[in-house]
Amino acid sequence: MAWRDIFGSDDEDDEDQFNLSLTDASLVVENGHVETFDDVPGLILWRQALDHQQQMSMLQAMVDENVFGANNQAMRFGSLSHHLQWLADIVHQKSLLPPSINDRLPLFDQAIYNRYDKGQGIKPHVDLARFEDGIVILSLLSSCCMEMRLANDEALKQGYGYRGEGAHAGVDLLLHPGDILLLTGAARWAWTHGIPERLADDVDGQYTVRGNRVSVTLRKMVPEQPL
Ligand SMILES: O=C(O)CCC(=O)C(=O)O
Ligand SMILES: [Fe+2]
């Protein structure tokens with residue numbers, strides 16, 4: 001089955017056939033460009049980390065594994081399957097995470113796939129403390145707005161970030177397919193991330209209509225403490 005049958009596509013020009021090998025992780029290091037944010041310490045956005053073909057290969061791997069079935073979310077624990085390990089490898093080789101995170105073994109041992117129909121979102125949240133620092137989110141298929149907001153006043157008091165007034169009380173990111181978002185430090189612990197439910201986004205004057213979106217999140221579980 002082709003990825004388009006599962007995820008749908010507005011783009012009639014997309015080919016069904018892609019080079020499905022996610023090889024040469026080291027070459028991906030050259031892809032895209034990296035943004036950081038003065039207002040949100042620890043927030044890193046690797047734009048266009050995956051080119052179109054690599055994005056399609058990821059999606060095809062998910063189709064081949066029938067990751068979603070009838071659901072819109074799927075979780076994996078333990079060792080990562082090939083395409084997830086490839087994603088972990090490119091993140092590792094790009095070395096955007098602090099060395100204490102980037103060099104841990106394994107770098108990630110948990111994955112969550114999310115599928116959003118047009119207009120759907122996810123409520124603002126801080127990921128559970130059972131996951132360590134260093135969270136990676138790959139966007140596929142559609143753009144969307146990710147809203148970063150300071151979690152609470154306590155976090156503000158502790159100097160976890162700047163909170164401006166009114167509309168500037170946070171940062172809105174327009175995530176595009178192929179972008180990889182990395183949450184570390186304050187961005188992971190003291191800022192919420194969420195996707196508003198709406199059919200189109202207007203971020204910094206850029207108006208973008210949403211399609212169906214898929215994301216892949218990689219995390220590392222906090223090891224269980226012996227009783
Ligand atoms: O889909 C996304 O971009 C974010 C997913 C997320 O934040 C989560 O599953 O905790
Ligand atoms: Fe999350």
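Val34 and Val29 fall into different hydrophobic clusters, where Ile, Leu, Val, Met, Phe, Trp and Tyr residues are linked whenever their side-chain heavy atoms come under 4.5 Å apart, directly or through other members. Residues Val203 and Trp191 do not share a hydrophobic cluster, clusters being chains of Ile/Leu/Val/Met/Phe/Trp/Tyr side chains in contact below 4.5 Å. Cluster membership for Val126 and Ile122, using ILVMFWY side-chain heavy atoms within less than 4.5 angstrom, is not shared. In the hydrophobic clustering of this structure, Leu50 does not group with Leu27; members are Ile, Leu, Val, Met, Phe, Trp, Tyr whose side-chain heavy atoms approach within less than 4.5 Å, directly or through other members.
The CG atom of Leu174 lies 4.5 Å from the OG1 atom of Thr208; values are rounded to the nearest 0.5 Å. Here the CD atom belonging to Gln85 is positioned 9.0 Å from the CG atom belonging to Leu218, to the nearest 0.5 angstrom. Rounding to the nearest 0.5 angstrom, the gap separating the SG atom in Cys144 from the CD atom in Glu197 is 12.0 Å. Rounding to the nearest 0.5 Å gives a distance of 12.5 Å between OG of Ser143 and CG of Leu173. Interatomic distance, CG of Asn114 versus CG of Asn72, reported as 7.5 Å (0.5 Å rounding). Remark: Asn102 CG to Lys94 NZ distance equals 12.0 Å, nearest 0.5 Å.
At distances below 3.5 Å, not a single donor-acceptor pair connects side-chain atoms of Arg210 with backbone N or O atoms of Ser142. Between the side chain of Thr184 and the backbone N or O of Gly42 there is at least one donor-acceptor pair closer than 3.5 Å. The closest donor-acceptor contact from the side chain of Asp117 to the backbone of Asn212 lies at 3.5 Å or more, if one exists at all.
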Show your working on side-chain contact (heavy atoms from CB on, under 4.5 Å) between Leu97 and Asp133 and close with a plain yes or no. CA-CA 10 Å; Leu97 294 165; Asp133 197 1; over 6 Å; no
What verdict does the side-chain contact (heavy atoms from CB on, under 4.5 Å) test give for Met146 and Ile195, after you've listed the backbone C-alpha separation in whole Å, the side-chain angles of each residue and the deciding distance to 0.1 Å? CA-CA 5 Å; Met146 173 82 77; Ile195 300 169; 4.1 Å; yes
Pair Gln48-Asp179, side-chain contact (heavy atoms from CB on, under 4.5 Å): steps then yes or no: CA-CA 5 Å; Gln48 292 298 287; Asp179 290 353; 3.5 Å; yes
Output, in order, the C-alpha distance, side-chain angles, deciding distance and verdict of side-chain contact (heavy atoms from CB on, under 4.5 Å) for Met148 and Leu183. CA-CA 11 Å; Met148 302 294 304; Leu183 306 177; 4.1 Å; yes
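Checked for salt-bridge contact, Asp172 and Arg149 meet the test: a charged N lies under 4.0 Å from a carboxylate O.
A donor and an acceptor atom, one from each side chain of Gln54 and Asn31, are located under 3.5 Å apart.
The shortest distance between side-chain heavy atoms of Leu22 and Leu87 does not fall below 4.5 Å. Side-chain contact between His92 and Asp103 is present, with heavy atoms from C-beta onward closer than 4.5 Å. With a 4.5 Å cut-off on side-chain heavy atoms, Glu65 and Arg76 count as touching. Counting heavy atoms from C-beta on, the side chains of Phe68 and Val214 come closer than 4.5 Å.
Residues Leu80 and Gln110 approach most closely at CD2-N, 4.3 Å, considering heavy atoms. The minimum heavy-atom distance between Ala187 and Leu43, with the atom names listed, is CB-N, 3.5 Å. The two atoms that bring Ala200 and Tyr207 nearest to each other are CB-OH, 3.5 Å, heavy atoms only. Contact record, Cys145 with Pro196: O-CD, 3.4 Å, taken as the closest heavy-atom pair. Pairing each heavy atom of Arg213 with each of Ser139, the nearest pair is NH2-OG, 2.8 Å. Heavy atoms only, all atoms of each residue included: Ser215 and Tyr116 are closest at OG-CE1, 3.9 Å.
Screening residues 216-227 for salt bridge (charged side-chain N to carboxylate O under 4.0 Å, His left out), with sequence neighbours left out, gives Asp127-Arg219, Glu132-Lys220.
The side chain to side chain contact (heavy atoms under 4.5 Å, CB included) with Leu181 is formed by just one residue from the set Thr217, Leu45, Ile44, Val136; it is Leu45.
Within a 6.0 Å radius of CG in Asp204, no more than 12 heavy atoms belonging to other residues, nucleotides or ligands are found.
Between Tyr113 and His83, the ring planes are tilted. Angles from 30° to 60° get that label.
The other residues sharing a hydrophobic cluster with Met75 are Phe77, Ile112, Leu128, Phe131, Met221, where clustering joins ILVMFWY side chains under 4.5 Å apart.
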